[in-house]
Amino acid sequence: MSVIAGIDLGTTFSALAILNSIGKPQIVPNAEGERITPSAVFFDEEDTNVIRVGIEAINSRQLNPERSVRWIKRHMGDRKFKKTIDGKDWTPEEISSLILKKLKQDCSRDEGQINDAVISVPAHFDEVRRKATMDAGRMAGLNVIGIVNEPVAAALHYATACEVTGRVLVYDLGGGTFDVTILDVQNKDINIVCSQGDHALGGIDFDQKILEMFQKAYREKFHAELLVDDEAQAKYEDEAEDLKKTLSRRPSAKKMLYGQAGSMRVEITREQFEEAIAPLIARADMLVEVTLQEAQCNPSDINKILLVGGSTRIPMIHSRLEKKFGKAPEAAVNVDECVALGAAIHAGLIKLREDPSEIDRGVAGGLRDVKLKDVCNHSYGTICAPRDEETGQYVVQNSIILKKNTPLPCESTQRFFTMVDGQTELQVTITQGEDTDPDYVNKIATEIFELPPDRPANRPIKVTYSYDLNQRMHCTFQDEESGRVLEVNFCVGENGEMSEDNVAHKATEMEGFKVE
Amino acid sequence: MLEVGVVVVLAVIWLVYLRMTGSGMRMPGRRSATAGPVDRERFMCKIDRSQIEYNGSFVPGLVIKMRGQLRVPHNNCDTDVQAIAFDVTEGQNNAHPVLSILPQWQMEDSPAFCLLAHNGRVPRKISVLANWVTIGSIPCSVLKFPRQGQRQLKFVISLLNRSSEKELLSTATTFPYDNHEAGYIDLRESFQKVEGMMIQLAVAAAMEEQGPSDKGLFAIREWIEKRNQGVSGAPDSREKSVRLLAALDQAVQRAMQEDFDAEAICRSLAQNASIVDRYNTIRLVLRVVAAEGNVDRDQTDQLTRVAELLKIDRDKFRALAQKSLPINTHCIEDIRFLLGITETMPSEEIRRRLNEEYQKWNGRVTHPDQEIRTQADRMLALIAEARNRFVEQSWNVPAAS
């Protein structure tokens, strides 16, 4: 029987779930018996053949922070980020692949070899980051059959595990990222309405606020710095995270600070913590408001608020959401596990759609009634030069053709016109992003479209973008008069720097590293 | 008598011929209502002002006519007729061409007005047009004069040998014309004045205690160079460059004077400059301020005031300012300037504006360019701070529109 897995590759923790024989997802504990694994990597200096992943990496981090990596997800897709260990430059994809390799390896011990996997990503991840995540999976030896947005995965699990009907807001505040998704659920029929995300808001930002409070307290008492080196930084980052968790359970928490100028005891109350994180919460509030506006609904239209991600344990978040929506948010499913569980369901749905013969009858039966209608993750457009209404001048602009949050599959067409007499070519640029200013959007492809000669200006060019269920984008530029067509196809994983050959080569290279 | 009679008959035949072969610009069959006595020795022209049919409606126009004796090298000589016009208000020696906005009434290599039409064959070496014959009718709106007001226009009509293009005959007439629109020299002077004021304002933005900063002046010189690039190679390119650099020198002198009034310049620009130039002005000023690498509160206040006086749309100004002066160039992160909010704004308006800014900058945090990502991160932190400070904690979302 094939093993179908869903993986939540989180900023602070990761988890893996598989579909059981009746199509129900279940978490597979790691080799240490834990259901979630810290997304931390430690390159052991004593045994360079072994790379430690998970709790061992966390424990080793304070001893030698230079050889440890945490929160690598925040750098995913960043081509300039490198972690140099013993002369080797590790990319975010490679480091992430070590975490995935550990999850895969631990799962294989009890459940057999994983055949196919879906990895979750924040809803706001762009194509480059999605591609990087897929590459990481392939480097870990996984057959990555798809990518799923974390709030969608959470909602999938929620809708299949609980009886839900109505409009649901998924509030997904994880270790490093934050997504808000609104969806309509009718039993196991799930329609995503819209999704918005904040790339740099999560638990580690709350930890940072506590760290700043530690530093301030120490400075005030000793007129000296607490964080004098990387070891101290790593130690107190972990202490801050620990204290934050305590403050979710108790009104105050104490810590000992051991610095070079002396040691002191610091007590931080929940009130102080909430005051410190208020700007971050304000940011989260804005994302919720923006998402509600995008969905064209009021707080009273939301029937359920579903909490996902470890940072939603902060009591202030509960109280603010309750105040806002007039009802208590629900964490009926485990906030740390539901994304992996939903990702496994998503993997099953993909297999059922694309290769039903390969899926076990029991699994197929369990997934039969689940229906998911997803939306386009980003806006896609092209660069053009319309006249500015106020000044009458031509202004170079990004014109959105396929709007974010359009239900999939989708297609949209716009007509543009050539600008000058005798124009024989058109530079077509495919963009990703919401801005009208082209400097602020991501130009994901540029092609030259050759046009017939000797024609006056203002010849119509029909531009059609479509996006299918498999996250493949298809762009067509058609010169209406001559019928000439330029076609550009994309899918997650085609516009990054790394080619398929490179990924295969890297996967072979990564096989040589042993993870524990 | 016989000779005169023959000439008259021939002239009539030729006129009939003209009617048959006349070009589209000519109005066959139209004759002057009051044909006076013919001076057979003279080739003459005149301009009538009347309503003419143009593009399906009647508009004010100038009707160009000729009559009199035509002398050509041989019988049946094929001819063209040409009309050109000058503004001689400031004297014959200081004449300026009248321009046409339509290519069909322009000279080959310039926009100067020129009507060229096929006149047909002149039957005899000496022929006489007994009546006024219309050469062409030109809508007044097509013509551009050097200056506004009462003008003295001179029209020169020439008969040309069609095969050799040589001028056979020429005549001219002058007549008064009241031009209600700004003339092209008026516009050029006004434009140059505007450019001078733009530079003056830019120098004011570059001023430090002892005078304009080197970086600021460099930015202005760069702007001058770029502004000249559009006409690079054209005859006035160097002239323009020299003029703008002279304007810069003057602006520096002027900015050092005690009575220098930047606000007055802004008001004048708001009144005289086109909207495009007002935007160009604010872009130039932002560029000069950005050249220093940092901006303080006084400068942002002044920039806001300049934008107000130039009547620049607030949202567009903020977008320009955010781009030209990224948050890391601000000595103090001024929420009013960077986010366009004030303490006096209603909480709901602040919330709406901050949400818009949040959405805008949140979309930029994953941009491939590290500088834009960093800027977006800082802007988001500032937006969150502003929200925390200004927006009521009740956190009620307005109903969706």
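Labels below follow one simple rule: chain letters A, B, ... track the order of the sequence lines, proteins then strands, and each chain is numbered from 1.
Looking at A:Gln393, only its side chain comes within 4.5 Å of chain B, counting heavy atoms on both sides. For chain B, the nearby part of A:Gln196 is the side chain; its heavy atoms alone come within less than 4.5 Å. Looking at A:Ala278, both its backbone and its side chain come within 4.5 Å of chain B, counting heavy atoms on both sides. Looking at A:Glu294, the atoms closer than 4.5 Å to chain B (heavy atoms on both sides) all sit in the side chain, from C-beta outward. For B:Ile372, the part sitting under 4.5 Å from any heavy atom of chain A is the side chain, from C-beta outward, and nothing else. With a threshold of 4.5 angstrom between heavy atoms, A:Asp198 approaches chain B through its backbone and through its side chain.
Counting heavy-atom pairs closer than 4.5 Å to chain B, the top-ranked of the candidates A:Ser300, A:Gly77, A:Gly197 is A:Gly197. With chain A as partner, the option from B:Pro368, B:Gly363, B:Ala381 having the largest number of non-hydrogen pairs under 4.5 angstrom is B:Pro368. Listed options B:Leu380, B:Asp313, B:Leu354, B:Val365 were ranked by heavy-atom pairs under 4.5 angstrom with chain A; first place goes to B:Leu380. In terms of heavy-atom pairs under 4.5 Å with chain B, the best-connected choice from A:His378, A:Arg129, A:Glu434 is A:Arg129.
Across A:His199 and B:Asn362, no two heavy atoms sit closer than the pair N-OD1, 4.2 Å. A:Val290 and B:Asn355 make their closest contact through CG2-O, 4.0 Å (heavy atoms, listed as atom of the first residue, atom of the second, distance). Shortest non-hydrogen contact noted between B:Thr366 and A:Asp126 is O-OD2, 3.6 Å. Summarising the geometry of B:Ala384 relative to A:Ala282, their closest heavy-atom pair is O-CB, 3.7 Å, with the distance given to 0.1 Å.
Ion pairing of A:Asp439 with B:Lys323 is present here, as a side-chain N (NZ or NE/NH1/NH2) and a carboxylate O approach within less than 4.0 Å. Under 4.0 Å is where a charged nitrogen must lie from a carboxylate oxygen, and between A:Glu289 and B:Arg351 at least one such pair does.
At most 12 heavy atoms of other shown residues, nucleotides or ligands fall within 6.0 angstrom of atom CZ in B:Phe218. Residue-environment remark: CD (A:Glu390) exceeds the threshold of 12 foreign heavy atoms within 6.0 Å. Within 6.0 Å of atom NZ in B:Lys311, 12 or fewer heavy atoms from other residues, nucleotides or ligands are found, so the atom counts as exposed in its surroundings. Taking a 6.0 Å sphere around CD of A:Glu212, one finds it holds more than 12 heavy atoms contributed by other residues, nucleotides or ligands. Sparse packing is recorded around NZ of A:Lys216, with 12 or fewer heavy atoms of other residues, nucleotides or ligands lying under 6.0 Å away.
Taking the side chain as every heavy atom from C-beta outward, A:Asp437 and B:Gln322 never approach each other to under 4.5 Å. Under the 4.5 Å side-chain criterion, counting only non-hydrogen atoms from C-beta, A:Leu287 is in contact with B:Tyr358.
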For this session: Show the numbers, then the answer: is there a salt bridge (Lys or Arg N to Asp or Glu O under 4.0 Å) between A:Asp388 and B:Lys316?
Result: CA-CA 12 Å; A:Asp388 180 84; B:Lys316 285 186 179 173; 3.2 Å; yes
For this session: Kindly determine whether A:Asp78 and B:Arg373 satisfy side-chain contact (heavy atoms from CB on, under 4.5 Å), including the steps that lead there.
Result: CA-CA 11 Å; A:Asp78 182 353; B:Arg373 285 207 302 272; 3.8 Å; yes
Exercise. Salt bridge (Lys or Arg N to Asp or Glu O under 4.0 Å) between A:Asp435 and B:Lys360: does it pass, once the steps are laid out?
Worked result: CA-CA 7 Å; A:Asp435 264 283; B:Lys360 183 168 84 183; over 6 Å; no
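Atoms CD and CZ, from B:Gln370 and A:Arg79 in turn, are 13.5 Å apart once rounded to the nearest 0.5 Å. Once rounded to the nearest 0.5 Å, the distance linking CZ of B:Arg387 with CZ of A:Arg283 reads 13.0 Å.
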